[in-house]
Each structure stands twice: as structure tokens, then as C-alpha cells.
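Keep in mind that what you see is a predicted model, and the values were worked out from it rather than measured.
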Amino acid sequence: GADAVQRLAAGGRALETPFGTLFAPNITPDRDTGIGNWGADDFWRALHDGKSKGGRLLYPAFPYTSYTKVSRADADALYAYLRSLPPRQVQNRPHALRFPYDSQLALAGWRLLYFKPGVFEPEPRRDARWNRGAYLVEGLGHCAACHSTRNRFGASSEGLEGGLIPTIGWYAPSLTSDAEAGLGKWKEEHIVQLLGTGVAPGASVTGPMAEVVAQSLQHLTPADLGAMAAYLKSLPGPAPREREPAPRLDDQVLQEGSRLYG
């Protein structure tokens, strides 16, 4: 509800990473501890360029690598909503990152390698509904933050082929493989049901995805959930692998295996 949103907006939540701990900042409109002295341009720069007011580089635990695709109109709408929240005076906690990850210079190098500001480019061969779903999944939904592989520097592949969330040991399954969590063979209404409620025929969400549904996806309109479902359902799966022939085992190996098993 509204109270939960206000508590989350006041910040303080610890985000564990392999490089140390980051703490979510206060984004209520308090002028001293929040973003009350930010303008719409400042907010847009944070989402689109990953830069705070004044130009300080933000850490990509704030997923601006996905948010860079968010339109200016949606950024302004988000800004207007945050400005409507009651201000809460909650001091921000300093991040606890190990050297050299606590350096703005190191972060600038990371950005040169792994971040390029951009905008969402609609696919002209697809209809408006599919493109809306792609925009929500790739931008505002930032699904790749969990459902993608990351290199040793924490950079995401931006695909949805599945990835390990190392700090909690949780694997976010591939959304392109029907053998994992791919939705190519699902009925669209069942995808909508899973995203909106966390439960669908033959499936349910758990772990971090349950929080995503509870804190975010359940609030989407049926039209937007349907658009996401259409996009996710269309994702291509990997080419099927040829089954390798089983190795032949001689009688001695089989007998020893039988003895050990017994």
C-alpha cells in the first residue's frame, strides 16, 4: 500500500553485492536528506545517464543500464509521483564498498566498458502491443538485472538467458528456454496471471520473484501485463542440442558400480 511505498522511498535498504554493500538512498521530497532540491532534469539524468545531481556517477546497483531506455515522459511522470510523497527526513547511509570499487575513477572506467546511454527503439516489424511489452521488460521492469549472466565486474549481458544472483545464491532462470522458465508454449492469459498474482496453472513464483510480484508487477494494468506476456512469449529459445550418445561401459565397470550401489 501507500505506507509501504513511503517506507521504501525513504531508503536504507542494504543491497549486498560481490563488491560490498550499497544502501538505497532517500528519494522522498525532503530537501535535506531526499531529492526535494532535484528538478525534473536532475531526475531524468539519473535514470538516463546514471548521474546524480551535481554529476556524481551512480553505482549500477541502481539499474540505469536498463532505465536508460525509459522515455522522458515516463521519467517526468515518475518524478511527479515522487514529489507527491510526504517528505521523510532520513539520512542516507554511506556505501560500504571495498577498494577500488569505492572509487569514482574505477566506476568511470566501468562505464566506459559497459554502459552506453540510449533510448528504447521500437521494432518496426512488430505491433504496438509487442513493443510496449518490450519497453516494459527491457526498461522499467529491468528484468535483465536478475535474468541475465554477469561477468566478474558485475556487468550484465542484457539478455534474458538466466543468471545467478551470487549474494543470495539464487538462480534466476532463463526466459528464453522452455526447459527453464521460457514462456513460448504458455497461454498468454496464464503468463498474465503469473506476473500479476504469482500463481498460474502449473506454476508459482518464489524467492526474489515473489517480491517482484508483490512490490511491483501486481500493480500493473491488465493491458501492460498482457503486453509483457506477448513479448516474453515471443522470445526465441536456444537451438536444440544434439543428444550425445551414452558412453559404453564394460562389464567390469558395471559390476563394480552394482557392488558400490548395493
Side-chain angles (χ1 to χ4, degrees), residues 8-9 11 13 15 17 19 22-27 34-35 38-83 95 97 101 103-124 126 128 130-163 165 172 175-176 208 212 215-217 219-220 224 227-228 231-232 234-235:
L8 289 171
R13 179 167 180 172
L15 303 174
T17 78
F19 316 104
L22 297 102
F23 296 95
N26 182 348
I27 56 173
I35 60 171
W38 284 41
D41 288 344
D42 300 319
F43 187 78
W44 160 252
R45 192 178 301 114
L47 266 64
H48 187 71
D49 295 322
K51 295 180 180 179
S52 182
K53 181 179 173 66
R56 184 177 60 84
L57 303 180
L58 299 174
Y59 288 98
F62 171 62
Y64 56 81
T65 51
S66 295
Y67 289 164
T68 190
K69 296 183 179 182
V70 174
S71 69
R72 178 60 194 257
D74 280 348
D76 287 348
L78 287 166
Y79 172 76
Y81 170 71
L82 291 174
R83 293 283 295 181
H95 301 315
L97 295 172
Y101 310 115
S103 162
Q104 285 278 292
L105 182 61
L107 183 53
W110 185 94
R111 289 166 59 97
L112 283 174
L113 291 172
Y114 302 118
F115 175 60
K116 182 179 180 181
V119 295
F120 175 75
E121 297 288 351
E123 171 56 61
R126 296 285 192 169
W130 185 94
N131 277 298
R132 174 67 175 171
Y135 170 73
L136 292 170
V137 169
E138 296 175 9
L140 287 168
H142 61 285
C143 301
C146 290
H147 291 275
S148 68
T149 57
R150 291 183 180 271
N151 64 21
R152 61 181 178 146
F153 300 111
S156 169
S157 67
E158 297 299 323
L160 295 171
E161 71 279 9
I165 307 173
L175 299 178
T176 64
V212 171
Q215 300 286 358
S216 177
L217 295 177
H219 302 294
L220 268 64
D224 277 346
M228 291 179 68
Y231 173 70
L232 292 170
S234 75
L235 294 179

Shortest non-hydrogen contact from A75 toward L47: CB-CD2, 4.2 Å
Would you say the ring centers of Y64 and F115 fall short of 6.0 Å from each other? yes
Pairs flagged by salt bridge (charged side-chain N to carboxylate O under 4.0 Å, His left out) wherever residues 57-83 is involved - sequence neighbours left out: D41-R72, K69-E138, R72-D76
Rounded distance [0.5 Å steps], CD1 in I165 versus NE2 in H147: 7.5 Å
Between L15 and A61, which heavy-atom pair has the shortest distance, and what is it? CD1-CB, 4.3 Å
Could you work out, with side-chain contact (heavy atoms from CB on, under 4.5 Å) as the rule, every residue matching L220, not counting sequence neighbours? L217, D224, L225, M228
Just how far is it from atom NE2 of H48 to atom CZ of F43, taken to the nearest 0.5 Å? 14.0 Å
Is any side-chain heavy atom of L97 closer than 4.5 Å to a side-chain heavy atom of Y59? yes
Compare every heavy atom of A144 with every heavy atom of R150, then report the nearest pair and how far apart it is. NH2-O, 4.4 Å
Mind checking ring pair (Phe, Tyr, Trp, His ring centres under 6.0 Å) for W38 and listing every partner two or more places apart, or none if nothing turns up? none
Just how far is it from atom CG of N26 to atom CG of L8, taken to the nearest 0.5 Å? 12.0 Å
Spacing of OG1 belonging to T176 relative to CD belonging to E161, to within rounding of 0.5 Å: 6.5 Å
Which residues share a ring pair (Phe, Tyr, Trp, His ring centres under 6.0 Å) with F62, sequence neighbours left out: Y67
What residues form a side-chain hydrogen bond (donor to acceptor under 3.5 Å, both in side chains) with S234, not counting sequence neighbours? W130
Parallel, tilted or perpendicular: which fits the ring planes of F23 and H95, with parallel below 30° and perpendicular above 60°? parallel
Donor-acceptor pairs under 3.5 angstrom involving side-chain atoms of residues 116-124: please list them, not counting sequence neighbours.
from : atom 1 : to   : atom 2 : distance (Å)
E123 : OE2    : R125 : N      : 3.2
E123 : OE2    : R125 : NE     : 3.0

Is there a side-chain contact between L175 and V137 in this structure, where contact means two heavy atoms from C-beta onward sitting under 4.5 Å apart? no
When you compare the side chain of V70 with that of Y135, does any pair of heavy atoms fall below 4.5 Å? yes
Value for OG (S71) from CG (L140), rounded to nearest 0.5 Å, stands at 7.5 Å
Salt bridge (charged side-chain N to carboxylate O under 4.0 Å, His left out) partners of residues 48-62, not counting sequence neighbours, each pair once: D42-K53
Rounded to the nearest 0.5 angstrom, the CG-CD distance for L58 and Q104 is 8.5 Å
Minimum heavy-atom separation for G154 and F19, please, with both atom names. N-CZ, 3.8 Å
Can you tell me if R111 uses its side chain to pair, donor with acceptor, with the backbone of L57 under 3.5 Å? no
List for me each residue that meets side-chain contact (heavy atoms from CB on, under 4.5 Å) alongside F153, sequence neighbours excluded, and say none if there are none. W110, Y114, N151
Would you please name every residue forming a side-chain hydrogen bond (donor to acceptor under 3.5 Å, both in side chains) with S156, sequence neighbours left out? S148
